[in-house]
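Below: the structure, in structure tokens.
All values below come from the heavy atoms of this structure, side chains included, with hydrogens, waters and symmetry mates left out. All ligand and atom numbering here is 1-based and tracks the order in the structure. Everything numeric here is computed off the predicted structure, so don't read it as measured data.
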Amino acid sequence: MNVARLQQEILRLKKEKDVCVLAHSYQAREICEIADFTGDSYKLSVDASKAQNKTILMCGVRFMAETCKILSPEKTVILAQPFAGCAMADQMDKQLISQVKNQFPGYTVVAYINTTASLKTVCDVCVTSSSAVKIVNNIKNKDILFIPDCNLGAYVAAQCPDKNIKLLNGGCPIHACVSVDDVKKAKAAYPGAQLLVHPECVPEVCAMADYIGSTSGIMDYAVKSGHREFIIGTEISIAEHLQYMCPDKDFHILSLKLICPNMKATTLVDVYNCLNGSGGEEIILDEETLGGARRCIDEMIRLGD
Ligand code: 13P
Ligand code: SF4
């Protein structure tokens with residue numbers, strides 16, 4: 001089937017089967033086009049909880065589908081591509097963090113949403129890249145253990161100087177690979193361009209940016225900005241989406257290293273197969289995990305309001 005026909009079939013099937021399709025902004029354009037909601041990880045989790053549909057189909061990575069299930073346990077939540085994990089979320093588990101917590105008694109454990117549901121059960125509050133600074137500032141405790149991303153954690157620490165923030169050695173291998181040298185090369189190639197980066201990049205790269213923000217933050221900034229040329233320091237799909245959204249502006253990728261294989265794993269055929277009942281994986285979480293992780297996410301919503 002060609003892409004347009006496949007998209008038509010997907011639109012028909014999702015209506016017939018009452019399915020809400022969510023697509024993270026790192027998904028391919030043809031998937032974003034058939035989604036009911038697109039956006040960053042925070043926006044998608046809120047959109048999913050408000051949707052009236054019985055079934056949620058997540059085009060993104062596993063922790064995002066788990067977050068939807070935690071927020072909407074009564075709904076059937078399907079991950080469109082079961083292989084789509086997240087290299088950062090898989091770095092730390094519940095056993096490791098339970099041990100680390102013993103070394104930091106009295107600390108509030110703040111978990112980036114890019115963590116497994118199981119790990120969230122031993123943490124106090126979740127954050128996303130768009131809400132991390134606000135939430136950490138709103139936590140009463142001065143002592144914070146921020147996991148797993150030491151780069152996002154360093155960015156938060158710089159914005160929250162009153163807090164005592166301890167970091168672990170984790171992060172996104174895709175964003176963390178981008179170097180100061182990559183930035184120098186991109187700036188030399190596009191001297192008039194503004195640099196917009198995700199806070200998962202290393203602090204030295206963030207320090208060279210004109211704007212630091214979540215995927216949605218970067219997109220909003222570029223759309224509203226009076227500037228005409230940008231270097232995009234996050235997964236390369238964002239530069240592609242922006243080029244369609246703002247044809248009068250120019251978008252360049254910061255580095256070819258910024259390709260997330262997990263986010264690229266979902267195809268339009270996967271989406272179609274999920275809707276016709278022959279693909280995807282239903283997210284099943286036991287009651288203890290649902291309850292423990294929900295407490296962590298509810299705290300994120302309370303402190304982020
Ligand atoms: P956002 O929270 O900005 O959507 O980022 C998710 C992610 O996986 C970034 O690598
Ligand atoms: Fe995970 Fe990094 Fe991919 Fe985002 S870009 S989904 S943090 S591996």
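Put simply, the side chain of Leu285 reaches to within 4.5 Å of the side chain of Glu66, judged on heavy atoms.
Between Lys142 and Asp162, no side-chain nitrogen of the basic residue sits less than 4.0 Å from a carboxylate oxygen of the acidic one, so the salt-bridge criterion is not met. With salt bridges taken as basic N to acidic carboxylate O contacts below 4.0 Å, none links Asp143 and Lys163. Salt bridge present: Arg62 and Glu281 bring a charged side-chain N and a carboxylate O closer than 4.0 Å. Using a 4.0 Å cut-off between a side-chain N of Lys or Arg and a carboxylate O of Asp or Glu, Asp298 and Arg302 do not qualify as a salt bridge.
Residue-ligand proximity: Asn114 is placed with a non-hydrogen atom under 4.0 Å from ligand 1. For the pair His24 and ligand 2, no heavy-atom separation below 4.0 Å is found. The closest approach between a heavy atom of His24 and any atom of ligand 1 is below 4.0 Å. In this structure, Cys172 falls outside the shell of residues with a heavy atom less than 4.0 angstrom from ligand 1. Within the 4.0 Å heavy-atom shell around ligand 2 one does not find Glu235.
Counting backbone and side-chain atoms alike, Cys260 contributes no N/O/S atom closer than 2.8 Å to atom 2 (Fe) of ligand 2.
The protein heavy atom nearest to atom 4 (Fe) of ligand 2 is Tyr26 CE1, 4.0 Å. Nearest protein heavy-atom contact of atom 1 (Fe) of ligand 2 is Cys86 SG, 2.4 Å. The single protein non-hydrogen atom nearest to atom 2 (Fe) of ligand 2 is Cys172 SG, 2.3 Å, given as residue, atom name and distance. Closest protein heavy atom to atom 10 (O) of ligand 1: Glu200 OE1, 2.8 Å. Distance from atom 8 (S) of ligand 2 to its nearest protein heavy atom, with residue and atom name: Ala87 N, 3.6 Å. Of the protein's heavy atoms, Ser41 OG, 2.6 Å lies nearest to atom 2 (O) of ligand 1.
Close contacts of ligand 1 with Thr215, meaning ligand atoms under 4.0 Å from a residue heavy atom, involve 1 (P), 3 (O), 4 (O). The ligand atoms of ligand 2 that sit less than 4.0 angstrom from a heavy atom of Asn114 are 7 (S). The ligand atoms of ligand 1 that sit less than 4.0 angstrom from a heavy atom of Ser129 are 1 (P), 2 (O), 3 (O). Every atom of ligand 1 with a heavy atom of Ser214 under 4.0 Å away is listed here by number and element: 3 (O). Every atom of ligand 2 with a heavy atom of Met88 under 4.0 Å away is listed here by number and element: 7 (S).
Summarising the geometry of Ala132 relative to Val127, their closest heavy-atom pair is CA-CB, 3.7 Å, with the distance given to 0.1 Å. Scanning all heavy atoms of the two residues, the minimum distance from Phe230 to Ala222 falls at CZ-O, 3.9 Å. Counting all heavy atoms, side chain and backbone alike, Thr266 lies closest to Cys59 at CG2-CB, 4.4 Å.
The environment of CD in Glu16 is crowded: more than 12 heavy-atom neighbours from other residues, nucleotides or ligands sit within 6.0 Å.
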Exercise. Could you give me the CA-CA distance, side-chain angles and deciding distance for Glu229 and His252, then say whether side chain to side chain donor-acceptor pair (under 3.5 Å) is met?
Key: CA-CA 8 Å; Glu229 196 179 6; His252 311 287; 2.8 Å; yes

Exercise. Given side chain to side chain donor-acceptor pair (under 3.5 Å), test Tyr155 with Glu200 step by step and report yes or no.
Key: CA-CA 9 Å; Tyr155 169 73; Glu200 288 172 13; over 6 Å; no

Quiz item: Does the side chain to side chain donor-acceptor pair (under 3.5 Å) test come out yes or no for Tyr221 and Asp210, once each step is laid out?
Solution: CA-CA 10 Å; Tyr221 181 94; Asp210 297 288; over 6 Å; no

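Counting heavy atoms under 4.0 Å from ligand 1, residue His198 touches it through the side chain alone. No part of Thr128 comes within 4.0 Å of ligand 1, judged by heavy-atom distances. Residue-level proximity to ligand 1 for His175 is carried by the side chain, the only part with a heavy atom below 4.0 angstrom.
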